[in-house]
Amino acid sequence: MGRVLRVTAAELEAALQSLRDGELVAFPTETVYGLGADAGNPAAVRRIFEVKDRPARHPLIVHLPGVDLLREWAREVPEGALRLAERFWPGPLTLVLPRAERVDDAVTGGQDTVALRVPSHPVARQLLSGFRGGIAAPSANRYGRLSPTRAEHVREELGAAVRVILDGGDCRIGLESTIVAFQGRQVRLLRPGAITAAQIRRTVGELGVGADEASPRVPGSTLAHYAPVTPLTIVPAGQLEARVEALSAGGRRVAVLAPRAPRVLRTGVAWIDAGQRAAQYGHDLYGNLRALDKSGCHEILVQEVPQTQAWAAVRDRLRRAAGAGAEACSEARVG
Ligand code: TXA
Ligand code: MG
């Protein structure tokens, strides 16, 4: 895995000054790179939506330096939420809680809840403890596209619009945080991530999975999110070679992402063997999809991944990258 870089004092100071000036700063977290603004400055927060082309009412996550600030941003902290925060922060977990008075509508998209997270990446921690406030940040990509897991991904996609990009190397996890929402007495998993449903259950007991009618909106769960530009299809393992063969015979250039090497080597087919370990596969996923997207192929085929819990976050992102149809959506609801 990549080195964890620390930024220089001058770079950190420049980033802090930008935040105080109401400008945007891209920064690394252990999950993906974020595009940050002072969460207490609505005009700065609105800039995020402009730069990303993100619909204005999609809520953002507020990143905090530590658990101790939780009560400044959430007006209620249920017992279970506090236990999760104590157990998993700093780390790849986001809690959706009733928002405190001070939280602006620009951050929450007008909802009565706010998403909060304390990231563990050393550069994110340096930035947050220097800033001593909340930093609102979505992933640092254009709306609907793949999340960036390296500074160069951010530079490629947003470099013209974002002056300060802190380089913290390769993100350790590579997939966005697990999101857990507390609504009344209900606890729901809104987005799977590196912290699994089983781990959450061990701390809070009962856990619903997927959004229900009463759940807050999670735009990440709309179709065709986290998507490459090239059409992407998920294919059962046993059909992969035949699909590649048929498409190639029809003159289509095909790129493949699979947890294994090809059985037959074909010229002209870009094939990434992403391995059989879920954590490594997830860590590499967005980078691999970016590479295949750029390979000049007509189609990306992805071999179906296992149905086990360890692969839940990867399955979720692949389904969205494929622009999941109605069937995949109902699967997402039951988990
Ligand atoms: O790992 C991560 O969570 C990364 C890093 C940068 O922290 N951030 C991230 O942000 O993935 P974004 O905006 O790409 O995804 C945040 C998700 C969105 O799906 C958003 O709808 C959801 O969090 N969210 C934010 N506030 C919410 C709320 N009040 N209720 C429900 N969902 C919320
Ligand atoms: Mg995102």
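Counting starts at 1 for both ligands and their atoms, following the listed order. Source: prediction; values computed, not measured.
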I'd like to check which ligand 1 atoms, numbered from 1 as shown, lie under 4.0 Å from a non-hydrogen atom of [X].
X: S177; value: 1 (O), 2 (C), 3 (O)
X: I179; value: 17 (C), 22 (C), 23 (O)
X: H63; value: 5 (C), 6 (C), 7 (O)

Hey, is the Mg ion (ligand 2) within less than 2.8 Å of some N/O/S atom on S147?
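No, since none of the N, O or S atoms of S147 sits under 2.8 Å from the Mg ion (ligand 2).
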Quick one about S147 and E176 (side-chain donor to acceptor, distance below 3.5 Å, no hydrogens or angles considered), yes or no?
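Indeed, the side chains of E176 and S147 share at least one donor-acceptor pair under 3.5 Å.
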Pairs of donor and acceptor atoms involving the side chains of residues 60-68, under 3.5 Å and at least two apart or interchain, shall be tabulated with distances.
residue : atom : partner : partner atom : Å
H63     : ND1  : I61     : O            : 3.4
H63     : ND1  : I135    : O            : 3.1

Side chain, backbone, both or neither: which part of [X] comes within less than 4.0 Å of ligand 1 when only heavy atoms are counted?
X: V96; result: side chain
X: R117; result: side chain
X: R54; result: side chain
X: T108; result: neither

Salt bridge check, R46 against E50: does any charged N sit closer than 4.0 Å to a carboxylate O?
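Result for this pair is no, no salt bridge flagged.
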How about [X] and [Y]: do any of their side-chain heavy atoms sit closer than 4.5 Å?
X: P78; Y: R185; value: no
X: V164; Y: L19; value: no
X: E76; Y: L97; value: no

Is there a polar contact, in the sense of an N or O pair closer than 3.5 Å, between T29 and ligand 1?
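No, since none of the N or O atoms of T29 sits under 3.5 Å from an N or O of ligand 1.
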For ligand 1 and E176, I'd like to know whether there is a polar contact (N/O to N/O, distance under 3.5 Å).
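No.
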Show the atom names and distances, to 0.1 Å, of all donor-acceptor pairs under 3.5 Å that link a side chain in residues 22-37 to residues at least two apart or in another chain.
residue : atom : partner : partner atom : Å
E23     : OE1  : R163    : NH2          : 2.7
T29     : OG1  : T31     : N            : 3.0
T29     : OG1  : T31     : OG1          : 2.8
T29     : OG1  : V32     : N            : 3.3
T29     : OG1  : V32     : O            : 2.7
T29     : OG1  : R117    : NH2          : 3.0
E30     : OE1  : S120    : N            : 3.0
E30     : OE1  : H121    : N            : 3.3
E30     : OE2  : R117    : NH1          : 2.9
E30     : OE2  : S120    : N            : 3.1
E30     : OE2  : S120    : OG           : 3.4
T31     : OG1  : R117    : NH2          : 3.1
Y33     : OH   : G168    : N            : 2.9
Y33     : OH   : G169    : N            : 3.3
Y33     : OH   : G169    : O            : 2.7

